[in-house]
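Step one of this worksheet: look at the structure below.
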Amino acid sequence: MKLLLLTYSGSTPERISALLEAHGATGYTQLAHAHGRGDSGRVEGSRAWPGDTSVFFSVVPNERVEALRLAVRSYRAAVNDGERLHVATLPLEDFD
């Protein structure tokens, strides 16, 4: 199993949950309105630094990880200007 951590900055986080579900990651947690700083600058939900980020966590069986990562890359290549999508894959010893 792997833990996938996705960060999405954009107006349609429901597309990310749909992407997860379509690729067999039916269990996930979404944290909305996350703020922070990255290569594209600050995201703090303010006038000075507008926008929000949604963070998704999902435990995915090893056999589904690569297909899901490919789907994320494909989606990322097609996002609108101003949207950002990143995924990190982390090893997971257990999940009870």
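Counting begins at 1 with the first residue of the sequence.
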*Under a 4.5 Å side-chain heavy-atom rule over Ile, Leu, Val, Met, Phe, Trp and Tyr, are Met1 and Leu90 clustered together?*
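In one cluster: yes.
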
*Which is it for Lys2 and Val65 under the side chain to side chain contact (heavy atoms under 4.5 Å, CB included) test, yes or no, and what are the steps along the way?*
CA-CA 7 Å; Lys2 304 286 186 192; Val65 170; 3.6 Å; yes

*Tyr8 and side-chain hydrogen bond (donor to acceptor under 3.5 Å, both in side chains): which partner among Arg84, His86, Glu83?*
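Looking at Arg84, His86, Glu83, the match for Tyr8 under the side-chain hydrogen bond (donor to acceptor under 3.5 Å, both in side chains) is Glu83.
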
*Would you tell me whether Thr53 and Ser9 have side-chain atoms, one donor and one acceptor, within less than 3.5 Å of each other?*
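A donor-acceptor contact under 3.5 Å links the two side chains.
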
*asked:* For Arg69 and Thr89, which I'm curious about, is there any donor-acceptor pair between the side chains at under 3.5 Å?
replied: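 Short answer, yes.
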
*Check whether any side-chain heavy atom of Asp52 sits under 4.5 Å from a side-chain heavy atom of His35, and report yes or no.*
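In short, these two side chains touch, coming nearer than 4.5 Å.
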
*Go through Tyr75 and Leu85 one step at a time and tell me if the side chain to side chain contact (heavy atoms under 4.5 Å, CB included) criterion holds.*
CA-CA 8 Å; Tyr75 181 87; Leu85 176 61; 3.4 Å; yes

*Between Val55 and Gln30, is a side chain to side chain contact (heavy atoms under 4.5 Å, CB included) present by the stated rule, with each step listed?*
CA-CA 6 Å; Val55 180; Gln30 177 184 353; over 6 Å; no

Let me have the donor-acceptor pairs involving side chains of residues 13-27, under 3.5 Å, with sequence neighbours excluded, atom names and distances please.
{"unit_1": "Ser17", "atom_1": "OG", "unit_2": "Glu14", "atom_2": "O", "d": "2.9"}
{"unit_1": "Glu21", "atom_1": "OE2", "unit_2": "Tyr28", "atom_2": "OH", "d": "2.9"}
{"unit_1": "His23", "atom_1": "ND1", "unit_2": "Leu19", "atom_2": "O", "d": "3.1"}

_From CG (Leu5) to CZ (Phe56), nearest 0.5 Å_ =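 Nearest 0.5 Å value for the CG-CZ distance: 11.0 Å.
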
*How long is the span from the CG atom in Leu70 to the CG atom in Leu68, to the nearest 0.5 Å?*
9.0 Å

